[in-house]
Amino acid sequence: MDNFTLTTVEEFEAATNRLLETGAQVGADSWQQRVKNQTPHCKFGEEGICCRICSMGPCRITPKAPRGICGCDVHGIAGRNFLRFTAGGSATHSDHGREICHTLHVASPDGNYQVKDPEKLIKIAKEWGVETEGKDIYDLAHEVSELALLEYGKPFGTQRWLKRAPEKTQEIWKREEIEPRAIDREVSCALHMTHMGCSSLPEALIRQSLRCGLSDGWGGSMCGTEFSDVLFGTPMPVDTEANLGVMEKDMVNIIVHGHDPSLSEMIVKYAEDPEMIALAKSVGAKGINIAGVCCTSNEVAMRHGIPMAGNFLQQENVVLTGACEAIVVDVQCIFPALGPLSKCFHTKFVTTSKIAQMPDSEFIHFSAETAGENAKAIVKMAVENFVNRKPELVHIPDMKQKSTVGYSFEAIVKTLDTVTNSYVDVTGTTKPLVDCVRSGVLRGAVAMVGCNNPKVRPDTAHIELMKKLIKNDIILVVSGCSAQAAAKAGLMDKRAKDLCGDGLKRVCELADIPPVLHMGSCVDISRMMILVAELAKDSGWDINQLPVVGCAPEWMSEKAVSIGNYVVATGIETFLGVHPMVKGSSVVDGLLQGGIHDWVGACYHVELDIDKLGDAMIQTIEEKRAALGI
Ligand code: BF8
Ligand code: SF4
């Protein structure tokens, strides 16, 4: 066999250090430097005990001043801050989902966007009780997208997608009064509850945090994922490559960064346009190379095999290579630092969304109606910029790994069904997976998700935990920047099976899969919800009994907290490597790390020591197995 080895974090760091030398040469700032400038962080902020929701404040809680001016105590303040943090994340994911619904609403056979997965659209329509017989697929798309848009503001009732959950889970949500109503309503309600003089009761604030999170995972994010699949195709396994070495020295490099595939899909399309390729050749390049950063990267990798240049804390590195003609962004997780940084190089920093406007960028407003011409203008601008490259600044680290990505829920079911001959009559279920778990060939599964955060040595927690878990026959489903950490290291190369325990290795060989399955971007954690829902239905166990846990070892964003809340509220124990900003309140921290277990059968577990975090996950999985008697 060939000599497959993982790329180490030390190697990542050596490459970064080399790039930072170029940065120093041109006077660039870096996140590494800014972390130093910001250290130590404000303790009040970090512990969640500063309140600035009215102008009598800000009020900070200390032993000498145990209450704010209005009399709110530390628990009310920390709880309110946590709910506001959640609302930010839920709004962000859900608004992304809404944009996708709008894109579907303008889809037409001869327009910018088409329906690529009509089967999925029909399935959703049937689920929602929409008549499909004899209907034109575009009429159906418009009807269903309108219904989806109404989910954001419907005056009565709860989210349609909740019906996908097992009945037991739905009962828990009802009993605990956390069934999400209209998506926007849960966000508004969170802001209302946290207005000066409203809720200061920690239980009420945390309950709404769970509800607001659920309106994301079983609402807005699910709209984002499902209708992206309808528009751009449901991902199926595809080979790609990951890490900065995917950038090409002799080609025009366009980096797509952000989240909404409506933009990146169009950039990919126009980069393949013969007219653009000819233009690239006319300026001395061999062609046009697209690569991704952050969740946009996951979207286009899963559907087109577009290589992944890196994750969140690698976004500055793509510019530092000196070989990036344009970094094209839409929304979320984009460093404003890219503006000034791009000015140190020839790179065009192209912002495209009114939601994410930044100084030192070229703004080309991208909209579904004008998507084609916008994308073409952006690609053209990048190609024409090739001549401005400064060859003496170009350095692309020689570092990349092969990856197989694209394991949507449908792909997982399909892959496992095709290898398990005895299951010919149960095609379309997760039963083969349940049987692997029941027999102990697989001990369980971990959904590893989320960001990088300089508070954790970047990528180390993701990679070390994955290595430990697969060695213990625990399969990984991953998304977001965790997915890219895995891909960069080589854990999505099918040859990584040799790093697994015997059971998982056998499953990888039989199914021809890597041990770490790429399920997509952060909105695609809704795919993981569908997976656990189906596992529960097919096994007869409740979701909170499954030997499955969630983990976000390097999380940083509000979105991550919204996700955490819906994952926990769905009954999945969730392990964090960064403490939520509630430490200052024993009551709020106690609820999150214990109390809510009585409500939903799961809670958070915070452990900053990565090794111990891994041990705790394995222990929980084994305890769940023991409780099931398997
Ligand atoms: O939504 S994992 S750094 S890119 S927030 Fe952002 Fe975190 Fe990456 Fe995607 Ni998710
Ligand atoms: Fe201070 Fe209360 Fe105003 Fe918050 S709401 S800033 S605790 S007075």
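Start at 1 and go down the list; that is how both ligands and their atoms are numbered. All residue numbers in this chain count up from 1 along the given sequence.
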Checklist entry - Is C481 touching ligand 1 with its side chain, its backbone, both, or neither, if touching means heavy atoms under 4.0 Å apart? => result both
Next on the checklist: List ligand 2 atoms under 4.0 Å from M196, heavy atoms only on the residue side.
Outcome noted: 5 (S)
Checklist entry - Under 4.0 Å from any heavy atom of C294, which atoms of ligand 1 are there? => result 4 (S)
Checklist outcome for this item: Atoms of ligand 1 under 4.0 Å from any heavy atom of G450, numbered from 1 in the order shown, are 2 (S)
Item to check | Check against side chain to side chain donor-acceptor pair (under 3.5 Å), E186 and Q208 | outcome: CA-CA 8 Å; E186 298 309 352; Q208 180 60 20; 3.1 Å; yes
Next on the checklist: Run E554 and R457 through salt bridge (Lys or Arg N to Asp or Glu O under 4.0 Å) and show every step you take.
Outcome noted: CA-CA 9 Å; E554 304 183 22; R457 188 179 175 189; over 6 Å; no
Next on the checklist: Less than 4.0 Å is my threshold; does some heavy atom of S521 fall inside it relative to ligand 1?
Outcome noted: no
Next on the checklist: Is the shortest side-chain heavy-atom distance between P514 and Y407 below 4.5 Å?
Outcome noted: yes
Next on the checklist: I need the contact type for C295 against ligand 1. Using non-hydrogen atoms and a strict under-4.0 Å cut-off, is it side chain, backbone, both or neither?
Outcome noted: both
Checklist outcome for this item: Looking only at protein heavy atoms, what sits closest to atom 3 (Fe) of ligand 2 is C54 SG, 2.4 Å
Next on the checklist: Heavy-atom distances under 4.0 Å decide this one: backbone, side chain, both or neither, for M556 against ligand 1?
Outcome noted: side chain
Item to check | atom 6 (S) of ligand 2 - nearest protein heavy atom and its distance | outcome: C51 O, 3.4 Å
Checklist entry - So is N452 polar-close to ligand 1, meaning N/O to N/O under 3.5 Å? => result no
Item to check | H192 atom NE2, neighbour heavy-atom count above 12 within 6.0 Å | outcome: no
Checklist entry - So Y113 and F232, would you call those rings parallel, tilted or perpendicular, with 30° and 60° as cut-offs? => result perpendicular
Next on the checklist: Any nitrogen or oxygen of S557 lying under 3.5 Å from a nitrogen or oxygen in ligand 1? Just yes or no.
Outcome noted: no
Checklist entry - Of the options C522, P261, S262, which is the one that meets H96 in a side chain to side chain contact (heavy atoms under 4.5 Å, CB included)? => result P261
Checklist entry - Any N/O/S atom of C70 sitting less than 2.8 Å from atom 2 (Fe) of ligand 2, backbone or side chain? => result yes
Checklist entry - Going by the atom numbers of ligand 1, which of them fall below 4.0 Å from some non-hydrogen atom of C451? => result 2 (S), 3 (S), 5 (S), 7 (Fe)
Checklist entry - Looking only at atom types and distance, does a side-chain atom of N81 sit under 3.5 Å from a main-chain N or O of A78, one as donor and one as acceptor? => result no
Checklist entry - What do the steps show when you test N243 against Q401 for side chain to side chain donor-acceptor pair (under 3.5 Å), and what is the final call? => result CA-CA 7 Å; N243 218 338; Q401 288 278 11; over 6 Å; no
Checklist entry - Is there a donor-acceptor contact under 3.5 Å linking the side chains of T296 and H259? => result no
Next on the checklist: Quick check on the 6.0 Å ring-centre criterion: do F575 and Y604 meet it?
Outcome noted: no
Checklist entry - Of all the non-hydrogen atoms in the protein, which one sits nearest to atom 1 (Fe) of ligand 2, and at what distance? => result C59 SG, 2.3 Å
Next on the checklist: Against ligand 2, does R80 come closer than 4.0 Å with any heavy atom?
Outcome noted: yes
Next on the checklist: Using a 4.0 Å cut-off to any heavy atom of F312, which atoms of ligand 1 qualify?
Outcome noted: 3 (S)
Checklist entry - Where the side chain of T347 meets the backbone of C324, is there a donor-acceptor pair that is under 3.5 Å apart? => result yes
Item to check | Contacting atoms of ligand 2, where contact means under 4.0 angstrom from a heavy atom of G57 | outcome: 6 (S)
Item to check | Pairwise distance CE(M448) to CG(L465) - rounded to 0.5 angstrom | outcome: 4.5 Å
Checklist outcome for this item: Quick note on ligand 1: atoms under 4.0 Å from a heavy atom of H259 include exactly 1 (O), 4 (S), 9 (Fe)
Checklist entry - What protein heavy atom sits nearest atom 6 (Fe) of ligand 1, and how far away is it? => result C333 SG, 2.3 Å
Checklist outcome for this item: For atom 10 (Ni) of ligand 1, the closest protein heavy atom turns out to be C522 SG, 2.2 Å
